[in-house]
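Every heavy atom of this structure was used, including side-chain atoms; hydrogens, water molecules and symmetry mates were not. Sequential numbering from 1 along the given sequence is applied to the chain's residues. Just so you know, ligand 1 is whichever comes first in the structure, and atom 1 is the first atom listed for that ligand.
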Amino acid sequence: MPALVLLGAQWGDEGKGKATDLLGGSVDYVVRYQGGNNAGHTVVVGDQKYALHLLPSGILSPGCTPVIGNGVVVDPSVLLSELSGLNERGVDTSKLLISGNAHIITPYNVTVDKVTERFLGKRKIGTTGRGIGPTYADKINRVGIRVQDLYDESILTQKVEAALDVKNQILTKLYNRRAIAVNQVVEELLGYAEKIEPYVADTVLVLNEALEQDKVVLFEGGQGTLLDIDHGTYPFVTSSNPTAGGACTGAGVGPTKISRVIGILKAYTTRVGAGPFPTELFDEDGEALRRIGGERGVTTGRDRRCGWFDAVIARYATRVNGLTDFFLTKLDVLTGWEQIPVCVAYEIDGRRVEELPYSQTDFHHAKPVYEMLPGWSEDISKAKTFSDLPKNAQAYVKALEEMSGAPISAIGVGPGRDETIEINSFL
Ligand code: GDP
Ligand code: IMO
Ligand code: MG
């Protein structure tokens with residue numbers, strides 16, 4: 001059993017952290033391949049709750065080596081505080097590996113993220129303000145700072161100089177902000193170097209050697225399919241590729257090594273930040289989903305926008321990721337509704353559309369076409385097998401599976417590790 005990818009099939013916050021943690025005990029490596037500390041993954045182990053942002057959720061499984069791949073953007077101050085927070089709670093983080101090719105979120109990238117959003121005004125993306133977009137922009141513009149640059153002061157200084165030459169012009173002349181001093185940034189970054197050094201490794205080599213030795217490698221996506229820079233609802237997206245192909249480029253592992261791609265799918269839909277969301281609810285049902293589902297951002301504390309399940313999106317996620325399985329989460333949250341609407345298609349300017357339109361304008365005009373499925377009122381949080389679920393809950397899962405195009409191999413009925421119904425084994 002070689003490599004598996006586990007990723008978000010909607011707009012993020014599907015429960016990837018819990019799903020990764022669940023598999024963490026049986027895999028050798030858990031690898032983040034994109035994004036940074038814009039992610040917020042909640043993992044509940046027994047009575048302990050952990051909020052992870054940058055570190056892979058596998059860090060909570062003692063036998064597993066957590067890896068931050070080359071495709072991730074790393075804020076060193078966040079990295080160190082997340083590590084020490086876990087150490088204080090008794091979690092051993094010594095196995096962590098960080099790619100020397102991963103890019104660094106510098107303090108000026110965080111500043112640029114915030115001022116750009118302010119400048120955009122009502123057209124803003126609603127980013128997490130963590131410097132993600134500007135850091136990826138620097139990477140593509142070839143003026144980024146990489147983890148390995150922390151170990152060559154002269155190169156680091158030259159690169160910070162090159163980046164700030166342009167940025168300071170923009171900050172002072174366009175945004176009316178103070179210029180950022182090169183030596184201050186270099187000094188701050190060098191201050192992290194020694195603390196991070198023990199973790200820095202050639203992660204591409206490590207992972208490929210592990211795969212040759214038949215070790216099990218799990219790639220954990222941040223964000224979700226619809227937040228993908230290429231395949232998401234651009235421009236209301238993040239600046240990386242959470243979709244399955246991102247695991248290959250973001251970790252340096254060839255596509256032939258990946259045998260399974262698991263889409264984490266919430267039994268309803270949520271989104272944080274701006275952008276189109278056809279099944280969004282503005283009524284008491286939306287409020288109820290938010291309240292019962294605890295739909296508040298782990299990273300920014302913003303309320304998540306909530307809506308019914310959207311099968312068009314799920315089908316799209318199956319297609320662009322080549323999903324082999326779904327892990328359906330938060331089915332328990334839907335307990336108590338007499339009828340549950342599920343979006344099966346869109347109506348766009350009077351036409352029925354079955355698949356996600358490629359045109360942004362069409363997607364902004366998409367109205368959900370709902371099918372009503374009968375609900376259930378029994379508590380399902382103790383269900384251990386599919387047959388423990390009430391008949392209507394079983395039918396809901398089966399209907400979603402049929403509409404979404406891949407088998408549902410696990411069902412979440414609560415936030416805890418053991419609150420999961422396993423149907424087909426992932427390993
Ligand atoms: P991620 O970003 O995809 O890892 O997801 P988040 O952690 O941001 O949000 C998912 C939330 O749902 C977390 O608070 C989880 O503890 C919780 N959760 C995950 N699976 C389930 C489930 O099956 N049922 C319930 N009730 N909560 C769940
Ligand atoms: P996890 O991994 C939900 C959203 C932001 C914003 C857009 C761009 O917990 O699922 P960015 O800071 O990335 O440039 O913001 O993407 N976003 C997320 N939404 N879950 C996340 O991560 C997200 N990471 C970014 O709200 O709309
Ligand atoms: Mg999250």
Is there a nitrogen or oxygen of L331 sitting under 3.5 Å from a nitrogen or oxygen of ligand 1? no
Polar side chain donor-acceptor pair, S94 to D92, under 3.5 angstrom: yes
N or O pair under 3.5 Å between T42 and ligand 1: yes
If you measure from CG on L55 to CG on L60, what distance do you get to the nearest 0.5 Å? 9.0 Å
By atom name, which N, O or S atom belonging to D13 lies closest to the Mg ion (ligand 3)? OD1
What do you reckon, does V333 have a nitrogen or oxygen under 3.5 Å from a nitrogen or oxygen of ligand 1? no
Looking only at protein heavy atoms, which one is nearest to atom 26 (N) of ligand 1, and how far off is it? D332 OD2, 2.6 Å
So, is G40 placed with an N/O/S atom under 2.8 Å from the Mg ion (ligand 3), counting both backbone and side chain? yes
Please tell me if the side chains of L373 and L334 come closer than 4.5 Å, counting only heavy atoms from C-beta onward. no
Verdict with supporting geometry, R130 and D75, salt bridge (Lys or Arg N to Asp or Glu O under 4.0 Å): CA-CA 9 Å; R130 300 300 193 264; D75 184 325; over 6 Å; no
What I want to know is whether G412 and ligand 1 share at least one N or O pair that is separated by under 3.5 angstrom. yes
Does the side chain of T135 reach to within under 4.5 Å of the side chain of T106, using non-hydrogen atoms? no
Relative to ligand 1, is E295 under 4.0 angstrom through side chain, backbone, both or neither, heavy atoms considered? neither
Tell me: protein heavy atom nearest atom 27 (N) of ligand 1, and distance? K330 CE, 3.5 Å
Spacing of OH belonging to Y268 relative to CD belonging to Q10, to within rounding of 0.5 Å: 10.0 Å
Over 60° means perpendicular and under 30° means parallel, so tell me whether F309 and Y396 are parallel, tilted or perpendicular. perpendicular
Ligand 1 atoms nearer than 4.0 angstrom to some heavy atom of G17 are 4 (O)
Have N241 and Y33 got a donor and an acceptor in their side chains that come within less than 3.5 Å? no
Atom indices of ligand 1 within 4.0 angstrom of V298 heavy atoms, with elements: 8 (O)
In H53, E220, K18, R32, the residue satisfying side-chain hydrogen bond (donor to acceptor under 3.5 Å, both in side chains) with H41 is E220
Check D13 against ligand 1 and report side chain, backbone, both or neither, counting heavy atoms closer than 4.0 Å. both
With backbone taken as N, CA, C and O and side chain as the heavy atoms from C-beta onward, which portion of I264 lies under 4.0 Å from ligand 1: side chain, backbone, both, or neither? neither
Check whether any heavy atom of G414 sits under 4.0 Å from an atom of ligand 1. yes
Under a 3.5 Å cutoff, is there a donor and acceptor pairing between the side chains of N38 and T238? yes
Among all protein heavy atoms, pick out the one at the shortest distance from atom 9 (O) of ligand 1; state its residue, atom name and that distance to 0.1 Å. R304 NH1, 3.5 Å
Atom pairs, nitrogen or oxygen, ligand 2 to protein, under 3.5 angstrom:
from, atom 1, to, atom 2, distance (Å)
ligand 2, 2 (O), H41, NE2, 2.8
ligand 2, 2 (O), Q223, N, 2.8
ligand 2, 9 (O), D13, OD1, 2.9
ligand 2, 9 (O), G40, N, 2.9
ligand 2, 9 (O), G40, O, 3.0
ligand 2, 10 (O), D13, N, 2.8
ligand 2, 10 (O), D13, OD1, 3.4
ligand 2, 10 (O), K16, NZ, 2.7
ligand 2, 12 (O), T128, N, 2.9
ligand 2, 12 (O), T128, OG1, 2.6
ligand 2, 13 (O), N38, ND2, 2.9
ligand 2, 13 (O), T238, OG1, 2.6
ligand 2, 20 (N), D13, OD1, 3.2
ligand 2, 20 (N), D13, OD2, 3.3
ligand 2, 24 (N), Q223, NE2, 3.2
ligand 2, 26 (O), G126, O, 3.4
ligand 2, 26 (O), V272, O, 3.3
ligand 2, 26 (O), R302, NH2, 3.0
ligand 2, 27 (O), V272, O, 3.1

Of D138, D149, D165, the residue whose pairing with K159 passes salt bridge (charged side-chain N to carboxylate O under 4.0 Å, His left out): D149
For the CZ atom of R89 and the OG atom of S84, what is their distance to the nearest 0.5 Å? 12.0 Å
Have a look at Y199 and tell me which of I68, T93, V67 forms a side chain to side chain contact (heavy atoms under 4.5 Å, CB included) with it. T93
Heavy-atom contact check, 4.0 Å cutoff: does G40 meet ligand 1? yes
May I ask you to test the F277-D310 pair for a side-chain heavy-atom distance under 4.5 Å? no
Compute the shortest N/O to N/O distance between E419 and ligand 1 and return yes if it is under 3.5 Å, no if not. no
Does a donor on one side chain and an acceptor on the other come within less than 3.5 Å for W337 and D285? yes
Which of the numbered atoms in ligand 1 are below 4.0 angstrom from a heavy atom of K18? 19 (C), 20 (N)
Looking at ligand 1, does Q10 have a heavy atom less than 4.0 Å from it? no
Atom 18 (N) of ligand 1 - nearest protein heavy atom and its distance: P415 CA, 4.0 Å
Interatomic spacing from OG in S77 to CG in N37 - rounded to 0.5 Å: 8.0 Å
